[in-house]
Every structure is written in C-alpha cells, then in structure tokens.
Student: 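Quick one: the structure is below, and I'll ask about it shortly.
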Amino acid sequence: MDNADQVTQTVDVLVRMLLQDGPQNGDSMDLDHDSAGQQLSSPEEAKIKAAREYCLRILGSRLAPSLVADDIHISDLIKKKLIREDPSSAKAIRFSHLYTKLSSCSVLTKKWSILYFLLAISDQSSAAALEGRSNQQPLSFLGLHNLETGAGRTRERTHTEQSDATMATHSRHGSLQMPLSQQSRKATAGNAPLLPGDQHQQNNTNNTNIYEADESVLLRDLMFVFQGIDGKMIKFGAESGTCTIDPSFNISHSTRGLVNRLTELGWLYKKVNQYVQTTLKEGSAGLVEQSFCSALQHELVDYFRLIAVLESHIAKEADTTGSKGLTLKRLLVWTQDSLQRLRLMSVLVECCQDLQGGALVAMVHDYTQHGDPLIQQFIHHMLERISAPFYVMLQRWIYEGELEDPRTEFFIALNPEVEEVDMWQSKYFIREEMLPAFIGMPLAKKILSIGKSLNFLRHKCDDSDWILQNHGVGKSLKYGDIAELEGSIDAAYVGTSQRLLHLLSTKFKLIDHLTAIKRYILLGQGDFIQHLMESLGTNLSQPANTLFRHNLTGTLETAIRSSNAQYDDPDILRRLDVRLLEISPGDSGWDVFSLDYHVDSPVNTILTPVAMHQYLKMFNFLWRLKRVEYALSSAWRRQTTSARAIRPILELVPELHHCRIVCGEMIHFVYQLQYYILFEVLECSWDELLKAIEDNNTTTDLDSLIEAHSKYLRDVTSKGLLAASHDANMMPKLLELLATILDYKIAQDNLYNYALAEIERRERLAQTADRRTRHGQWGLTDQDETLDRIPDEQFEELVPGLLRTLNEYSMQFKKELSQLLITLSADGDSDLRFLSFRLDFNEFYLGSLKGAMGGGPNSSSSIATSTTTSRKSTMR
C-alpha cells in the first residue's frame with residue numbers, strides 16, 4: 001500500500017467517525033471503491049462517500065492558508081467554536097484533554113496542519129452541506145494526482161505529468177497565453193461543488209476566447225511596467241497614465257489586486273522620470289533644479305539595480321523547472337522600500353514643480369520634519385545633493401564676496417542699476433522667497449553683511465590682498481549640521497566686520513571726520529565761529545546777489561588762521577568750504593551763507609548726501625541763532641557805551657530803560673536756547689555716538705555703525721526742534737521769534753541813532769552859544785530854545801513812531817514766546833518740556849499772555865502820552 005492509499009484510508013475512517021458519532025467496525029469497512037462511482041447500497045454510505053471525496057479535494061488543492069502556523073491560536077479558535085455550539089463547555093473540556101495528548105505525541109510533526117484541517121471541515125460536516133456534492137469531481141484538476149487506485153490512478157498520474165511538462169515548456173519559451181485544456185473544461189462542466197477558486201474558473205469556461213495567465217508571465221510583464229514600458233497584458237493608459245490589464249486574460253481577483261498594487265511602482269517611476277527628462281530637456285532649469293534632477297536620477301539608478309536583480313531571479317526560475325523562488329507576493333515585499341522612495345520622490349516632484357533655487361531647497365527641507373526616521377534619512381540624503389549648488393553659491397559669497405547666480409536662485413540678489421555710491425545701502429538685498437527655512441532672517445542678514453563687507457573692502461577700501469590671504473582659505477560648506485553652518489558664518493561675519501571697521505577708523509579717519517563736522521558745521525569750535533562772524537558780519541549784511549564765493553573763502557581761511565582751528569589736520573581743513581544757497585529776491589548774505597564739508601569714499605557711505613543735508617539744515621538753524629546772539633551782543637554793547645552820552649535826553653530815559661529790559665529778556669531766551677542745543681542735545685548725543693562706536697557689542701558691523709550715526713542725527717534733529725515728529729508749527733514759530741528779535745534790534749538801533757543825533761545837535765547848539773558869548777552877543781536867541789529839549793516837530797512826529805515800533809516788536813516777542821512755550825510744554829519729549837521750564841521758570845510769559853495780546857493796540861498811544869506828560873513836567 002503506497003502513501004496515497006494510506007491517506008485515502010485514513011480520511012475514510014475519520015469521516016465515518018465524525019458522521020456516525022463514533023467509529024464502526026473498521027475491519028469491515030471497504031475502502032476500495034470504484035472510482036467510476038457505482039451505485040451504493042444505502043443513502044448513508046453515499047453521504048460518507050461524498051464527504052470523503054470532498055476531503056480528498058481539499059487535501060489535493062494548491063490553496064494554502066494565509067495564516068501563521070500557531071498551534072495555540074488554532075486550538076483557541078476550535079475551543080471558541082465548541083463553546084458556541086455547546087454552552088455547557090463539555091466538548092471544549094474534552095477537546096482540551098485531547099489537545100494535551102496530541103501535543104505530547106512526538107510522532108506527529110504537523111500538528112497545526114491537522115488542527116487547521118479539522119477546523120476547516122467542521123464547517124462542512126453537516127449533512128445539509130453535503131447534499132449537493134457529487135462523487136464524480138475529478139481530483140487531478142486540484143493537484144491531487146495520485147489518490148485514485150488501480151489503472152485509472154496510473155493513467156491519471158501519467159496524463160497530469162505530461163500536462164505539467166507541456167506547461168513548463170510553454171513557460172520556458174515565454175508563452176503568454178495558456179488555453180484551458182479540453183479535459184479541464186469537461187471536468188468543470190459537471191455538477192460537483194467547487195471551491196471559490198474553482199468557481200471562478202468555471203465561470204470563465206463559458207467564453208472560449210479567455211486565456212489563463214501564468215504567474216511567471218505576469219512577473220515578466222511587470223518588469224516592463226516597472227520601467228514605464230507597456231507589457232503584453234499590462235498597459236499604461238494614454239490619457240490617465242494608470243495601468244490596465246487586458247480583459248482577455250483570466251486573472252483571479254487576488255492576483256489582480258497584487259498586480260494593481262505592483263503597477264503603482266511603474267506609474268510612479270514614469271512620473272518621476274518624465275519630470276527629470278522634461279526639466280533637463282528644456283535647458284532653462286537652474287543649478288539647484290538640475291541638482292534636484294540629478295538626485296532623482298541617482299535614486300532611480302538604485303531602482304534599476306533592483307529591477308536587474310529581479311530579472312535575474314526570473315531568468316533563473318525559467319531555466320529551473322518547477323522552481324517557486326519569486327512570486328507576486330514576494331515581489332510585492334521586495335519592492336516595498338523602492339515603492340516608498342518613489343512615493344516620496346513623486347511628492348517632491350509635485351511640490352517642486354514650479355520652484356527653483358532656495359525656494360526648492362526650502363520646500364524639500366520641510367519634509368525633514370516628518371516623524372518617520374527613514375523618511376528623514378531619505379530626505380536628508382536627497383538634500384545633500386540638491387543643496388550642493390546652493391552651498392557653493394553661499395560659500396563663494398561669504399568667503400569671496402562673489403555672487404555667482406546666473407539663474408537668480410540665491411536668496412541674495414544684485415540690483416545692477418544702483419550706482420557704486422549706494423553700493424552698501426541698495427545694491428544687494430535679500431529675496432525672502434528664496435530663503436531656506438533652516439536659515440533664519442537674522443542669519444540671512446549676517447550672510448548679506450559678510451558679502452557686502454567683502455565687496456566694500458575690495459572696491460571701496462582697496463583691500464583685496466587681505467581677502468585673498470586671510471579669508472576662507474580651505475573652507476567648504478555643505479548641508480548637514482546647522483549649528484556648524486551658523487558657527488562658520490559667525491566666524492566669517494566677525495572677522496570681516498572687524499577688519500572693515502578697523503580700516504574706517506584708522507586708515508580713513510572716520511572719527512576725525514565726525515569730530516570736524518561737530519566742530520565746524522555744528523558750531524562746536526567757538527573761537528573759530530566768533531572770528532568768522534565778526535569777519536563776515538559787514539559783508540553778510542549786504543544783499544545776497546553782491547556776494548562772491550572767493551571773497552567768502554578768503555574770509556574763511558582768515559578765520560581759520562585766527563583761531564585754534566589752524567592746528568587741526570590739514571586734510572580736515574582742506575575739506576571745509578563755503579557754500580552759497582539758492583538766492584531768493586530780498587535775501588541778504590545771512591540768508592544764503594553756509595559752511596560745507598566734503599567727504600569722499602568710503603566715508604560717504606556713513607556720511608551720505610542725506611546725512612550731509614541734515615547737517616546743513618542744522619548749520620543753518622544754528623547759524624541763524626548765532627547771528628541773533630551776535631546782534632543782541634552788539635545791541636547790548638551799544639546800550640552800555642551810549643548810556644552816559646544819551647542821559648541828558650530826559651524824554652527818552654524811560655523808553656531806553658525799557659529797551660534794556662526787553663533786550664535782556666531776548667538775550668536770556670537766546671542763551672538758554674543755545675545752551676540747550678549745544679550742550680543738552682549735541683554734546684549728549686555725541687557722547688552716545690562715541691560710546692556706540694567704541695562698544696564692540698553694539699557696533700558689530702558697518703550696518704550697526706550706520707544705524708548709530710543715523711540715531712545720532714535723529715536725536716540732534718528731533719531734540720534740536722528740526723524733526724517733523726514735533727508740532728508742525730514749532731519751527732516756524734521759532735524762526736518768527738528770531739526774526740522779531742532782529743527787527744527789535746534794528747528798531748532799537750534807530751532809536752539810539754536818533755538819540756545820539758539829538759545829543760550831537762545839542763552839543764553843536766551849545767558850542768554856538770559859547771561862541772556868541774565870547775563875541776559879546778547873547779548866547780541863546782528865540783530860535784535856540786530847544787537847547788535842552790527835543791524840538792516840537794520831532795517830538796510829535798518822529799519820536800512816537802520810533803517808540804511805537806519798539807513797543808510793537810516787544811509785545812510781538814512776548815506773544816510769540818508765550819505761544820512757543822505752550823507748544824514746548826505740551827510736547828512728548830521731556831527735554832523739550834524742561835526747556836520750556838528753563839525759558840519761563842517763574843511763568844512770567846504764560847501769566848501775562850492774555851494781557852500782552854489785549855494791550856497791544858493802545859500801547860503806542862500810551863507811550864506817546866507818557867512822553868508828552870514827561871516833557872510838560874520838564875518844561876514846568
């Protein structure tokens with residue numbers, strides 16, 4: 001008895017035990033039945049025969065359970081099934097006892113298979129489930145070729161072996177279509193029940209044009225699909241690009257699902273490869289985009305290696321008959337890593353479709369935040385290749401100052417229309433859309449400053465040798481450790497900035513230029529300004545159109561030689577010059593005169609034309625204030641020197657005393673304003689500027705130096721009442737106030753001129769009287785009654801007009817000063833509020849503002865009345 005007969009006999013015994021609730025006499029069982037299916041003696045025997053044939057078909061099928069061979073798990077499933085059938089758990093306890101004996105048996109090695117078989121047939125053990133099953137179902141189709149007895153079994157085995165040899169031959173020759181044999185069609189035409197796989201084959205027999213697809217043929221077709229090429233059974237759609245299977249081939253649902261999952265690999269490859277080929281073919285891609293394509297091609301090379309390995313396995317299996325090394329399931333497992341990589345590459349291709357340069361690097365870098373470490377590693381490996389051109393451009397910029405960016409991919413761009421004068425401020429700028437995420441804006445500003453500093457050193461400071469010898473020798477940058485990148489950038493930033501600031505302060509004397517501007521333009525050199533004011537006073541009082549620049553330049557040189565300015569650096573003095581502003585009708589020399597200070601490269605990067613214009617505005621205001629001070633000083637000197645001489649004019653004594661009081665108020669105002677601007681504004685701001693320049697933590701590069709100087713200018717102009725941030729009426733009010741002081745000084749000069757003329761007239765009249773007396777005549781006649789008083793016609797017409805003008809300007813000064821004080825006291829700057837307190841510490845002007853505004857129209861008549869009353873009392 002061979003193995004097949006033993007299997008048949010054992011299955012027969014097992015079926016009889018299950019269907020008859022216990023074994024019958026095993027010796028009396030006739031297991032050698034006719035395979036042709038003769039008529040049995042009873043219906044019970046027919047059921048047993050049907051169950052036995054069904055079990056043999058299961059054992060002879062090629063279907064394998066997709067389960068893990070776990071004895072404990074399958075025993076638990078059986079226990080749960082027995083508990084559901086019998087709530088008393090008697091059968092489950094009995095099974096546990098039997099399973100313990102089975103586990104201890106060392107003869108049986110495939111215990112899990114036995115349990116799985118029992119569990120599988122338990123669902124079909126009822127008589128109702130076996131009613132429709134036939135005994136005539138052939139077993140050769142299911143692969144159990146040697147379970148029949150006698151000659152029939154031998155003939156069936158011989159026919160099956162010949163069929164298998166024929167199928168293997170077709171497979172080796174690459175046949176893609178395998179028609180179902182006539183014998184199989186006849187076998188499936190019967191009424192025997194089929195397994196799920198058998199049912200699918202039976203349905204396909206109704207169409208004689210449908211062919212069965214062998215797995216080896218599908219594998220070879222998939223190799224073409226993996227490379228983006230249409231196979232004979234699997235083809236790419238013309239429009240959608242998805243893969244479809246030829247419906248003329250018979251493929252099971254499970255196999256079709258595996259094929260569909262595997263064809264995703266080819267679809268992804270075709271998508272990635274199409275992007276690479278299109279991008280490189282156009283020729284307009286930048287360096288970073290080309291590097292991205294190169295990284296994709298590098299990954300595709302590894303993908304091609306996998307395809308080569310798979311094809312070698314398929315070729316070996318084709319040469320080896322009956323080999324089952326590579327299957328669709330194994331192919332699916334082997335391609336999972338490549339599938340994940342291609343999915344990632346497909347996502348990157350979609351996201352980076354219209355990006356280039358730093359924007360492309362930034363987009364790819366965003367995927368490094370993925371939680372999967374394998375994906376992080378893959379993206380990191382891709383970025384090393386993608387960002388290589390970006391880091392080359394970065395390296396050239398921070399170590400050489402060269403912007404090599406033909407496709408505008410770098411986050412630093414150049415404006416070619418900007419002139420060299422504005423190289424530092426406007427020529428280079430940051431394009432935020434090209435800034436990668438791993439380079440923050442503070443770090444990007446440092447990178448921009450490094451490159452600008454190198455270009456500044458090369459083109460403005462003529463220091464190319466230092467760049468070649470000491471900067472970036474043997475250094476390279478690449479994607480990886482961000483902290484290391486920041487350290488390299490910080491080192492280059494510190495070295496370049498310190499070198500540039502050192503050259504500006506030593507070779508180009510930046511501090512000396514700033515000091516010269518403070519001393520000469522902001523009137524810090526007192527003796528020089530005094531000499532210049534005295535030398536130019538007469539010339540500047542003339543009309544502006546009568547002035548000549550060469551004459552003023554000579555006067556400037558005279559003032560320099562007459563003051564301590566002569567000991568300054570000749571290069572500094574050479575830059576000091578006279579400038580005449582645009583002349584308007586009616587302007588005097590005071591209105592158009594200005595000093596100028598010339599600067600050249602590279603100092604003009606800090607002292608820009610805009611900054612020099614601010615200095616010019618400050619000079620004009622301080623020069624006007626100095627002119628008022630000079631005028632008031634002149635008026636005070638005249639009052640002092642003429643007081644004794646004009647004392648005999650008793651009619652003008654009260655008015656002259658009032659002039660001295662008003663002149664003292666004006667001097668107080670001008671001196672307090674000058675002190676505030678020259679000391680509290682200029683000196684304090686200058687001290688802050690020097691501290692900022694000397695502090696390495698504050699002034700780290702040229703930008704910070706420019707910012708410190710800009711802050712100095714803002715403080716000077718803001719606190720110096722020149723900024724637009726204050727009340728718009730503040731500066732006009734102040735200028736009107738200064739003009740009123742000058743007008744009052746002119747009116748006072750007219751009064752003093754008249755008084756001195758009156759004294760001279762009286763002296764001449766006294767001399768005439770003495771001469772007459774010496775000749776024996778009357779010294780005084782009727783015409784000489786005005787020896788000790790002002791003539792009536794002058795006293796009634798000329799004097800009241802002079803006094804009225806003085807009083808008007810005096811009241812106007814107090815009114816305008818009161819309004820200015822109100823504006824200053826309401827300003828947000830505490831220094832300006834304190835200036836208001838210094839100017840009116842006892843609230844004299846603010847308290848008398850209402851009276852000053854109301855008493856103006858009648859003041860002239862009151863002065864004239866007081867003068868007339870004074871004269872009448874004198875005559876009496």
Student: Side chain to side chain contact (heavy atoms under 4.5 Å, CB included) between R579 and F593: does it pass, once the steps are laid out?
Tutor: CA-CA 6 Å; R579 178 178 181 181; F593 175 81; over 6 Å; no

Student: Report the C-alpha distance between Y676 and Q672 in whole Å, list the side-chain angles of each, state the deciding distance to 0.1 Å, and finish with yes or no for side chain to side chain contact (heavy atoms under 4.5 Å, CB included).
Tutor: CA-CA 6 Å; Y676 166 75; Q672 291 298 324; over 6 Å; no

Student: Could you check F528 against R519 for side chain to side chain contact (heavy atoms under 4.5 Å, CB included), going step by step and ending with a plain yes or no?
Tutor: CA-CA 9 Å; F528 165 75; R519 294 174 61 184; over 6 Å; no

Student: Check whether the side chains of T740 and E816 place a donor and an acceptor atom closer than 3.5 Å, and report yes or no.
Tutor: yes

Student: If you look only at distance, which donor and acceptor atoms sit under 3.5 Å apart when one is on a side chain in residues 595-613 and the other is two or more places apart or in another chain?
Tutor:
from, atom 1, to, atom 2, distance (Å)
Y597, OH, H513, ND1, 2.9
T605, OG1, P602, O, 3.2
T608, OG1, A611, N, 3.2

Student: I need the single residue from F619, Y615, W686 that forms a side-chain contact (heavy atoms from CB on, under 4.5 Å) with L522. Which is it?
Tutor: Y615

Student: State, with a plain yes or no, whether a side-chain heavy atom of L742 is found less than 4.5 Å away from one of W590.
Tutor: no

Student: Is it the case that Q639 and Q748 place a side-chain donor and acceptor less than 3.5 Å from each other?
Tutor: yes

Student: Would the number of heavy atoms belonging to other residues, nucleotides or ligands and lying under 6.0 Å from NZ of K691 be above 12?
Tutor: no

Student: Can we call the ring centroids of F837 and F841 under 6.0 Å apart?
Tutor: no

Student: Checking the side chain of R624 only, and the main-chain atoms of L735 only, is there a donor and an acceptor separated by less than 3.5 Å?
Tutor: no

Student: Do we see a donor-acceptor contact under 3.5 Å between the side chains of Q566 and N564?
Tutor: no

Student: Rounded at 0.5 Å granularity, tell me how far OG in S497 sits from NZ in K452.
Tutor: 10.5 Å

Student: Out of curiosity, E665 CD to L632 CG, how far, rounded to the nearest 0.5 Å?
Tutor: 12.0 Å

Student: For the residue pair D701 / S704, report whether a side-chain donor-acceptor contact shorter than 3.5 Å exists.
Tutor: yes

Student: Is there a donor-acceptor contact under 3.5 Å from the side chain of T555 to the main chain of N551?
Tutor: yes

Student: Can you name the closest pair of heavy atoms from I649 and I759 and give their distance?
Tutor: CG1-CD1, 3.5 Å

Student: Look at E688 together with K711 and state whether they make a salt bridge at an N to O cut-off of under 4.0 Å.
Tutor: yes

Student: Can a salt bridge be assigned to the pair E683 and K518 using a cut-off of 4.0 Å between side-chain N and carboxylate O?
Tutor: yes

Student: Evaluate the side-chain proximity of D591 to L581: yes if any heavy-atom separation is below 4.5 Å, no if none is.
Tutor: no

Student: Determine the minimum heavy-atom distance between L821 and S836, stating which atoms define it.
Tutor: O-OG, 3.3 Å

Student: Taking NZ, NE, NH1 and NH2 as the nitrogens, is one of them in D569 or R574 under 4.0 Å from a carboxylate oxygen of the other?
Tutor: no

Student: Can you tell me how far CE of M666 sits from CD1 of I741, rounded to the nearest 0.5 angstrom?
Tutor: 5.5 Å

Student: Using modelled atom types and a 3.5 Å cut-off, is there a donor and acceptor pairing between side-chain atoms of S634 and backbone atoms of Y630?
Tutor: no

Student: Return the CG to CG distance between L817 and L734, rounded to the nearest 0.5 Å.
Tutor: 10.0 Å

Student: May I ask you to decide if P543's main-chain N or O and T546's side chain share a donor-acceptor pair within less than 3.5 Å?
Tutor: yes

Student: Which atom names give the shortest non-hydrogen contact between S563 and H531, and what distance separates them?
Tutor: CB-ND1, 4.3 Å

Student: For residues L673 and I677, determine if any side-chain heavy atom of one lies less than 4.5 Å from a side-chain heavy atom of the other.
Tutor: yes

Student: Could you tell me if the side chain of F669 sits less than 4.5 Å from the side chain of L737, heavy atoms only?
Tutor: yes

Student: Which heavy atom of V653 sits nearest a heavy atom of R647, and at what distance?
Tutor: CG2-O, 4.0 Å

Student: Mind checking what makes ring pair (Phe, Tyr, Trp, His ring centres under 6.0 Å) contact with Y712, not counting sequence neighbours?
Tutor: none

Student: Evaluate the ring planes of W424 and F456, with Trp represented by its six-membered ring, and classify them as parallel (under 30°), tilted (30 to 60°) or perpendicular (over 60°).
Tutor: perpendicular

Student: Between D571 and K509, is the salt bridge (Lys or Arg N to Asp or Glu O under 4.0 Å) condition met? List the steps.
Tutor: CA-CA 10 Å; D571 181 66; K509 303 177 181 179; 5.3 Å; no

Student: Between atom CG of L702 and atom OG of S449, what is the distance when rounded to the nearest 0.5 Å?
Tutor: 7.5 Å

Student: Are T823 and K733 linked by a side-chain donor-acceptor pair shorter than 3.5 Å?
Tutor: yes

Student: Is it true that a side-chain atom of S505 and a backbone atom of H502 form a donor plus acceptor pair closer than 3.5 Å?
Tutor: yes

Student: Are the side chains of M731 and F621 in touch, meaning some heavy atoms are under 4.5 Å apart?
Tutor: yes

Student: Show the nearest heavy-atom pair for residues L547 and G589, with the distance to one decimal.
Tutor: CD1-CA, 3.4 Å

Student: Do the charged groups of E707 and R714 touch, with an N to O distance under 4.0 Å?
Tutor: yes

Student: By the definition side-chain contact (heavy atoms from CB on, under 4.5 Å), identify the one residue from I511, L705, I693 that meets it with L504.
Tutor: L705

Student: Any luck finding a side-chain donor-acceptor pair between E808 and Q812 under 3.5 Å?
Tutor: no

Student: Return the orientation label for the H550 and F548 ring planes: parallel under 30°, perpendicular over 60°, tilted otherwise.
Tutor: tilted

Student: Between L652 and A755, what is the shortest heavy-atom contact and its length?
Tutor: CD1-CB, 4.1 Å

Student: Answer yes or no: is there a side-chain heavy-atom contact under 4.5 Å between F508 and L510?
Tutor: no

Student: Flag the pair E629 / L625 as yes when at least one side-chain heavy-atom distance between them is below 4.5 Å, and no otherwise.
Tutor: no

Student: Under the side chain to side chain contact (heavy atoms under 4.5 Å, CB included) criterion, do N415 and S426 qualify, and how do the steps go?
Tutor: CA-CA 7 Å; N415 187 359; S426 307; 5.8 Å; no

Student: About how many Å separate OG1 of T506 and CG of L501, when rounded to the nearest 0.5 Å?
Tutor: 10.5 Å

Student: Are side-chain heavy atoms of L500 and S453 found at a separation under 4.5 Å?
Tutor: yes

